[in-house]
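A short write-up of the structure that comes next.
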Amino acid sequence: MTSTTNHPTIIQKETIHAPINLVWAAWTISERVTEWFAPEAIVEAKEGGAFELYFLPGNSESMNTKGCKITKLIHEKELQFSWKGPDQFKSFMNNENELTSVTIKFNSVDENLTEVVIEHSGFKNCEEWLEAYKWHEIAWSQVLNSLKSALEKGEGKLCCQP
């Protein structure tokens with residue numbers, strides 16, 4: 001995995017030994033997302049559809065991306081959605097007009113190898129946003145590792161668990 005910090009955009013890449021259709025399904029089908037990212041998910045794979053992850057099962061008020069939407073969807077090529085940060089950053093990061101944006105790009109290297117590129121943008125240049133940026137750098141690395149493990153070994157590790 002490689003990581004580039006073109007502040008204020010996080011860019012991370014991972015190559016996964018799985019065909020692109022399985023990697024795509026892992027991001028765009030709610031039941032698949034819950035195998036490696038969050039224990040509860042509502043993903044409506046269409047522009048304007050929900051991309052909501054719930055990191056605390058049964059809790060719709062804390063640690064979630066409730067209200068986030070898919071803003072761009074190109075089948076097996078690109079998935080873009082709005083993003084809310086975790087509770088420690090909600091006072092400045094989760095305001096309706098200040099949500100950040102996550103773009104996932106899918107590149108088929110060959111029939112059983114897929115490169116996934118995450119670009120998380122919209123971070124502001126100030127101290128509190130720098131802390132959120134650093135937190136997300138680590139979190140996206142863990143998310144990509146979990147995705148890779150889930151698809152290659154059947155052993156995903158959910159993100160942001162208490």
Nearest non-hydrogen partners of Leu151 and Ala18, listed with the distance:
CB-CB, 4.3 Å

At what distance, to the nearest 0.5 angstrom, does CZ of Arg32 lie from CD of Glu35?
4.5 Å

Assess the side chains of Gln80 and Thr71: does a donor N or O sit below 3.5 Å from an acceptor N or O?
yes

Donor-acceptor under 3.5 Å (Asn95 side chain, Asn97 main chain)
no

Determine whether Phe92 and Phe123 fall in the same hydrophobic cluster, where Ile, Leu, Val, Met, Phe, Trp and Tyr are linked whenever their side-chain heavy atoms lie under 4.5 Å apart.
yes

Side-chain (Thr15) to main-chain (Glu115) donor-acceptor, under 3.5 angstrom:
no

If you round to the nearest 0.5 Å, how far is OG of Ser141 from CD1 of Ile10?
10.5 Å

What's the shortest heavy-atom distance between Val116 and Ile16, and which atoms?
CG2-CD1, 3.8 Å

Trp83-His120 side chain donor-acceptor pair, cut-off 3.5 Å
no

To the nearest 0.5 Å, atom NZ of Lys134 lies from atom CG of Leu130 at 4.5 Å

Would you name the heavy atoms of Phe55 and Phe37 that are closest together and state the gap between them?
CE2-O, 3.8 Å

Does a donor on one side chain sit under 3.5 Å from an acceptor on the other, for Tyr133 and Glu131?
no

Under the side-chain contact (heavy atoms from CB on, under 4.5 Å) criterion, do Thr114 and Asn107 qualify, and how do the steps go?
CA-CA 6 Å; Thr114 304; Asn107 302 307; 5.9 Å; no

Between Tyr54 and Asn59, is a side-chain contact (heavy atoms from CB on, under 4.5 Å) present by the stated rule, with each step listed?
CA-CA 7 Å; Tyr54 297 88; Asn59 185 338; over 6 Å; no

Determine whether Val23 and Leu113 fall in the same hydrophobic cluster, where Ile, Leu, Val, Met, Phe, Trp and Tyr are linked whenever their side-chain heavy atoms lie under 4.5 Å apart.
no

Any side-chain heavy atom of Trp24 sitting closer than 4.5 Å to one from Glu76?
yes

Heavy-atom closest pair (Ala45 atom, Ile70 atom, distance to 0.1 Å) is CA-CD1, 4.0 Å

Can you tell me if Asp87 uses its side chain to pair, donor with acceptor, with the backbone of Ser62 under 3.5 Å?
no

Verify the ring-centre separation between Trp135 and Trp129: is it less than 6.0 angstrom?
no

Closest non-hydrogen atoms of Lys13 and Val117, given as atom of the first, atom of the second and distance, are CG-CG2, 3.8 Å

What distance separates Asn94 CG from Leu99 CG, expressed to the nearest 0.5 Å?
6.5 Å

Exam field: side chain Ser149 to backbone Asn145, donor-acceptor pair closer than 3.5 Å:
no

Using a 4.5 Å cut-off on heavy atoms from C-beta on, say whether the side chain of Glu111 contacts that of Pro19.
no

Run the numbers on His136 and Met93 for side-chain contact (heavy atoms from CB on, under 4.5 Å), then give the verdict.
CA-CA 12 Å; His136 280 88; Met93 199 173 175; 3.3 Å; yes

Which distance, rounded to the nearest 0.5 Å, do you find between the CZ of Phe81 and the OG1 of Thr65?
8.0 Å

Between Glu119 and Lys105 (salt bridge meaning N to carboxylate O under 4.0 Å), is one present in this structure?
yes

Do Gln12 and Trp140 touch side chain to side chain, with heavy atoms closer than 4.5 Å?
yes

How long is the span from the CG atom in Leu147 to the CD1 atom in Ile118, to the nearest 0.5 Å?
8.0 Å

Any donor-acceptor N/O pair, Ser146 side chain to Trp36 backbone, under 3.5 Å
yes

Measure across Asn125 and Pro8 and return the closest heavy-atom pair with its distance rounded to 0.1 Å.
OD1-CB, 4.3 Å

Assess the residue pair Thr103 and Leu79 against the criterion (side-chain contact (heavy atoms from CB on, under 4.5 Å)); give the C-alpha distance rounded to whole Å, side-chain angles, the decisive distance to 0.1 Å, and a yes or no.
CA-CA 6 Å; Thr103 301; Leu79 171 66; over 6 Å; no

Quick one, Glu47 with Lys72, criterion salt bridge (Lys or Arg N to Asp or Glu O under 4.0 Å). Give me CA distance, side-chain angles, the key distance, then yes/no.
CA-CA 5 Å; Glu47 289 187 16; Lys72 185 175 183 181; over 6 Å; no

Lys90 vs Lys84 side-chain heavy atoms within contact, under 4.5 Å:
no

